[in-house]
Amino acid sequence: MNVVLVIPAFNEAPNIGPVIEEIRSVEPGLEILVVDDGSQDNTGSVAEDAGAKVLKLPFNLGYGAALQTGISYAVETGYDACILMDADGQHDPRWLAQLIQPVAAGEADLALGSRFLGDVRYRLPLARRTGIRLFSGLASLMIRQRITDPTSGFQAISRDLMKFFAGDNYPPDFPDADTIIRAHFAGYRIKEVPVSVRRRLSGESMHGTLSVIYYVYKMTLSMFIALLQRRSLEKGGRHDADNQSDFGAREPAGVVDDRKASASKASG
Amino acid sequence: VRQKRLDEKYAWLWLMAGAGMLLAPFVSNVVDAISRKLGFYYPPSFVFLIAFLSLSLINLQYSVALSRLTKQNRVLSQKFAILERHLRDTEPKT
């Protein structure tokens, strides 16, 4: 199975090097794709020096849009699955194998790394914990399946679902519980996998206290929007192949194929 | 419009708004009559209501346009990053 690891990074120059080195020491064969989300520091070149492929966005688009860029690239270049991971070192690469397992086995389209099924190595602030509990409750209720950690950014995605996300089904800011709900309504199978999450290596988390309040508001809203869009998602989902707007599909087929061939030549 | 700082699409909107404001004083008795008919105690408040509603509508229209532009911008820059990657992949390594 052809898997790529997608890491979105915004001003993570001090963290990205050690993160990539750790991944390479655990999973030496895994292709690493860093999406440099318009960083002002040298995140991109640090990642490249550490041996990752880098997609460089011209300016900061946000976490979700950066992930979507990586996913689109993975779809275009013909990967069978991708794993999403954060650049701050919170996600332990030793769990990568377990995370991809349900997707590789064809049991799930979305494998979520849950820190609550696994063990948490640090205490989350109260606001974060309350928020996560709220989303977890709402999401579990909406999709009728227990989701313990819907805010997890440590996920594995099947090619089918990658195509769905590369289209118009991925929020540009914080993909989260709403993304899971959308995927569920569109007919994709979701499974949680226990992982452990560590404290970030250095620097500030992207969620401050004030932004948590806005975040909770925004996420609750987008979860209900996802609920409202249920009908159209069911129609445009997994069982409706021609509705999956592949990122490259709008181009003449020949161009994409040529590029795919040359890209795999270059990587192989 | 002539200097292309404003799209013709938006120009008609401003023209209409300007014309409306210019004409309003000449038909003030009509406006008064309408607002009385509608049961407004103070006719100018009817005018304000209309102005407020049309401004809200214009604002909504702007939000929609802004969302569309943001999205187009996002897709464009994503494509750009991916194409740049492909370009570097196909280039002979120097």
Side-chain angles (χ1 to χ4, degrees), chain A residues 4 6 8-9 31 33-39 44 47-48 52-78 165-168 170-173 245-248 250-251 255-268, chain B residues 1-17 20 38 40 45-94:
Chain A
V4 63
V6 177
E31 180 91 58
L33 178 69
V34 171
V35 184
D36 180 4
D37 191 9
S39 298
E48 217 145 48
K53 251 188 189 193
V54 176
L55 283 178
K56 209 166 165 38
L57 288 166
F59 35 75
N60 187 249
L61 289 182
Y63 182 71
L67 279 175
Q68 195 187 35
T69 313
I71 294 169
S72 303
Y73 177 81
V75 169
E76 263 190 46
T77 13
F165 283 161
D168 203 7
Y170 214 64
D173 43 9
S245 52
D246 187 325
F247 211 74
R250 272 169 246 140
E251 295 172 341
V255 177
V256 178
D257 286 342
D258 287 347
R259 212 182 286 142
K260 235 180 242 172
S262 57
S264 54
K265 230 183 282 161
S267 63
Chain B
V1 181
R2 207 184 41 198
Q3 290 181 2
K4 306 220 163 142
R5 281 201 225 161
L6 188 66
D7 255 1
E8 278 155 31
K9 198 167 83 183
Y10 297 112
W12 72 265
L13 221 145
W14 288 109
L15 272 174
M16 292 279 282
L38 288 172
F40 282 90
S45 71
F46 172 65
V47 177
F48 283 128
L49 180 75
I50 296 289
F52 175 75
L53 285 180
S54 25
L55 278 179
S56 302
L57 220 69
I58 293 175
N59 246 326
L60 183 71
Q61 144 97 28
Y62 283 161
S63 300
V64 171
L66 207 59
S67 305
R68 196 190 61 231
L69 284 172
T70 310
K71 193 182 152 190
Q72 286 174 344
N73 198 25
R74 191 185 78 227
V75 172
L76 203 60
S77 39
Q78 287 180 327
K79 273 226 153 167
F80 166 80
I82 292 172
L83 284 175
E84 194 188 40
R85 182 70 249 172
H86 283 313
L87 189 69
R88 277 200 284 164
D89 283 343
T90 45
E91 258 174 12
K93 296 221 161 63
T94 46

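Heavy-atom basis, side chains included; hydrogens, waters and symmetry copies ignored. Below, chains carry the letters A, B, ... as their sequence lines are ordered, and counting in each starts from 1.
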A.B. asks: What's the verdict on side-chain contact (heavy atoms from CB on, under 4.5 Å) for B:Q78 and A:Y73, showing C-alpha distance, side-chain angles and the deciding distance?
C.D. replies: CA-CA 9 Å; B:Q78 287 180 327; A:Y73 177 81; over 6 Å; no

A.B. asks: Looking at B:R85 and A:E76, is any side-chain nitrogen of the basic one under 4.0 Å from a carboxylate oxygen of the acidic one?
C.D. replies: no

A.B. asks: Where is the tightest heavy-atom contact between A:T69 and B:A81, given as atom of each residue plus distance?
C.D. replies: CG2-CB, 4.3 Å

A.B. asks: Taking all atoms of both residues into account, what is the closest heavy-atom pair of A:K53 and B:D89, and its distance?
C.D. replies: NZ-OD2, 3.3 Å

A.B. asks: Would you say CZ of B:F52 has more than 12 non-hydrogen atoms from neighbouring residues, nucleotides or ligands within 6.0 angstrom?
C.D. replies: no

A.B. asks: Is it the side chain or the backbone of A:L57 that comes within 4.5 Å of chain B heavy atoms, both, or neither?
C.D. replies: both

